[in-house]
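A quick write-up on the structure given underneath.
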Amino acid sequence: MINPVSPNSKSAAPLGVLGLMMFLQFFVWGGWYVPVTGWLNALGIGGVTVWVYSVCPIAAIVSPIFLGVVADRFFPSQKVLGVLHILGALCMIAVPFVVNAGSPGAVADNVWMRFFHPAVLLFLVHALCFMPTLALSSSVALAHIASAEKQFPIVRVAGTVGWIAAGLVVSLCLPGGDKSPAQFYLVGAAGMALGILSFLLPNTPPPLAGTKVSVGSLLGLDAIALLKKPQFAVFILCSLLVCIPLSGYYQQARNFVDYSGIADPAFKMTFGQMSEVFFMAVMPFIIVRLGVKKMLLAGMLAWVLRYGLFAAGAPDKIAWMILLGIVLHGICYDFFFVAGQIYVEKDTPNAIRNQAQSFFVLITQGVGMLIGAQVINRMVETNTVGGVMDWQQIWLWPCIAAGVIAVIFALFFKEKKAA
């Protein structure tokens, strides 16, 4: 939850320092979120993947409560940011000590019991520390720049560069690439550096000190009344549903690239973030011509095309199809999530706009991705025989699901001209 800070509390901070903060913020996330499946598979504990990719959605559901109750009311934002990153870094550094090649830890037969695997529990604690910092880092940056419209995109794009840099370092510089436990030391070191840097940032007072709090407002549940509006209800329903097949990309795409014989899979996955930088830059020019509905629909159809390319390229391991599917990430992410935030901003009353944004994040990054992680895991198990995964079937069903959701959205979502 990003909360505005009074202009009187602003103090100047060099864009380079804020950019470094954002670079490290996403370096920490990109350093493990995609490469981790290589390490899990190398240790023979790939069965816990479903829960490793569930911890961030769980934390995304919990983090608004933490931000609203603690960070926004009692402590300066930069100090909360520093403490959380240091705690999260310690969890990452601990991973190779608790789970290593000598004692990887048994993977329970029951998928629900795999949640209690030591690796999953460490990732969960890390995610609970990390997910609130996504909003906190943006809040700190916005509090200390002169123009949000002109300067924040410059600061934010440094985060995407950080994600790309993490993938490059893990894939090309570490011995063993993304199968190496050294990725967690790298992430831990970056988290520690960011934690220390956070304490050196200008003071950012708690923006809601002394105000009353309710769980409903923190989760954006007061915005549920907006579901009485048919177009908003269709938007939220389709956003929830489309995030279920979306989750499969984050959880299994790196494994699919590795299976296809494409070298340095963690590096190749960064092509998606590279395209994201480009599409984020041109998005303002496109949205004024297409409008929000066509942008959202284009984002949904891009997921259909991506999964279609994956499914078509799987049997013969056609590299150009797979890589093109990765490059589509700029459209898949920017056109859907960013355009969705713009729609919420434009089509909700001022009084509950922040709550509506929180509700959108809760539904998509939280509930939708959490359900999706379980569904894609079931899909993988169903289409794996003798340890061999039928990737064509694994990608075909998300392709069909995303296509059906896109059709429903196209037929029933009505965009106001003002949006």
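Small disclaimer: the values here were computed from a predicted structure and weren't measured. In what follows, residues are counted from 1 in the order of the sequence shown.
The shortest distance between side-chain heavy atoms of Cys332 and Arg306 falls below 4.5 Å. With contacts defined as side-chain heavy-atom distances shorter than 4.5 Å, the pair Phe184/Val36 qualifies. For the pair Thr160/Phe26, no side-chain contact is recorded, criterion being any heavy-atom separation below 4.5 Å from C-beta on. Residues Val83 and Phe199 meet the side-chain proximity criterion, which asks for heavy atoms closer than 4.5 Å. A 4.5 Å side-chain heavy-atom check between Phe310 and Trp391 finds every atom pair outside the cut-off. At a threshold of 4.5 Å between non-hydrogen side-chain atoms, the residues Leu136 and Leu84 count as touching. Residues Cys238 and Val242 fail the side-chain proximity criterion, which asks for heavy atoms closer than 4.5 Å. Using a 4.5 Å cut-off on side-chain heavy atoms (C-beta onward), Gln252 and Asn255 make contact.
In summary, the side chains of Thr133 and Gln25 do present a donor paired with an acceptor at a separation below 3.5 Å, with no hydrogens or angles considered.
Using a 30° and 60° split on the angle between ring planes, Phe279 and Phe335 fall in the perpendicular class, above 60°. Aromatic ring pairs are classed by plane angle as parallel below 30°, tilted from 30° to 60° and perpendicular above 60°; the pair Tyr250 and Trp303 is tilted. Aromatic ring orientation, Tyr249 versus His329: parallel (interplanar angle below 30°, classes split at 30° and 60°). Under the 30°/60° scheme for interplanar angles, the aromatic rings of Phe123 and Trp39 are found to stand perpendicular. Note: Tyr333 and Phe337 have tilted aromatic rings, judged against thresholds of 30 and 60 degrees for the angle between ring planes. Using cut-offs of 30° and 60° for the angle between ring planes, the Phe256 and Tyr259 rings count as parallel. Aromatic ring orientation, Phe130 versus His126: parallel (interplanar angle below 30°, classes split at 30° and 60°).
Counting only residues at least two apart or on different chains, no side chain to side chain donor-acceptor pair (under 3.5 Å) pair has a member in residues 313-323. Listed by first and then second residue, the side chain to side chain donor-acceptor pair (under 3.5 Å) pairs involving residues 165-187 are Asp178-Arg254 (not counting sequence neighbours).
Between Tyr343 and Phe360, the ring centre distance reaches or exceeds 6.0 Å. Taking the six-membered ring for Trp, Tyr33 and Tyr53 have ring centres closer than 6.0 Å.
Side-chain N or O atoms of Asp390 include none that pairs as donor or acceptor with a backbone N or O of Asn383 at under 3.5 Å. For Asn377 (side chain) and Ala373 (main-chain N/O), no donor-acceptor pair under 3.5 Å exists by modelled atom type. Under a 3.5 Å cut-off, the side chain of Gln78 and the backbone N or O of Thr204 do form a donor-acceptor pair. Using modelled atom types, no side-chain atom of Thr270 and backbone atom of Ile164 make a donor-acceptor pair closer than 3.5 Å. Panel note: side chain Thr49, backbone Gly46; a donor-acceptor pair is recorded below 3.5 Å. Side chain of Lys268 to backbone of Val257: no donor-acceptor contact under 3.5 angstrom is found. Put simply, the side chain of Arg114 never gets that close to the backbone of Trp51: no donor and acceptor are under 3.5 Å apart. Side chain of Ser239 to main chain of Thr364: no donor-acceptor pair is present (N/O by atom type, distance under 3.5 Å, no hydrogens or angles).
Of all heavy-atom pairs between Pro398 and Ile376, the closest is CG-CD1, 4.4 Å. When all heavy atoms are compared, the tightest approach of Ser275 to Gly330 is OG-N, 2.9 Å. The shortest non-hydrogen separation linking Phe27 to Ala165 is CE1-C, 3.9 Å. Heavy atoms only, all atoms of each residue included: Gln273 and Met269 are closest at OE1-O, 3.2 Å. Here the shortest heavy-atom pairing between Leu194 and Met21 reads CD1-O, 3.7 Å. Ser137 and Leu81 get closest at one heavy-atom pair: N-CD1, 4.0 Å.
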Verify side-chain contact (heavy atoms from CB on, under 4.5 Å) between Ile61 and Val367, making sure each step is shown before the conclusion. CA-CA 7 Å; Ile61 295 172; Val367 178; 4.3 Å; yes
Worked check of side-chain contact (heavy atoms from CB on, under 4.5 Å) between Met280 and Val157: CA-CA 9 Å; Met280 186 68 77; Val157 79; over 6 Å; no
What verdict does the side-chain contact (heavy atoms from CB on, under 4.5 Å) test give for Phe409 and Leu237, after you've listed the backbone C-alpha separation in whole Å, the side-chain angles of each residue and the deciding distance to 0.1 Å? CA-CA 9 Å; Phe409 181 79; Leu237 177 62; over 6 Å; no
Going through the checks in order, is the side-chain contact (heavy atoms from CB on, under 4.5 Å) test met by Cys56 and Met131? CA-CA 7 Å; Cys56 284; Met131 294 307 285; 4.1 Å; yes
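We find the CE-OG distance between Met321 and Ser260 to be 12.0 Å, quoted to the nearest 0.5 Å. Residue Leu90 holds its CG atom at 11.0 Å from CG of Leu122, rounded to the nearest 0.5 Å. The CH2 atom of Trp163 lies 14.5 Å from the CE atom of Met22; values are rounded to the nearest 0.5 Å. In this structure, Met300 CE and Leu246 CG are separated by 9.0 Å, a value rounded to the nearest 0.5 Å. One distance of note links NE2 of His85 with CG of Leu197; it measures 9.5 Å at 0.5 Å rounding. Note that CG of Leu186 and CG of Leu174 are 6.0 Å apart. Values are rounded to the nearest 0.5 Å.
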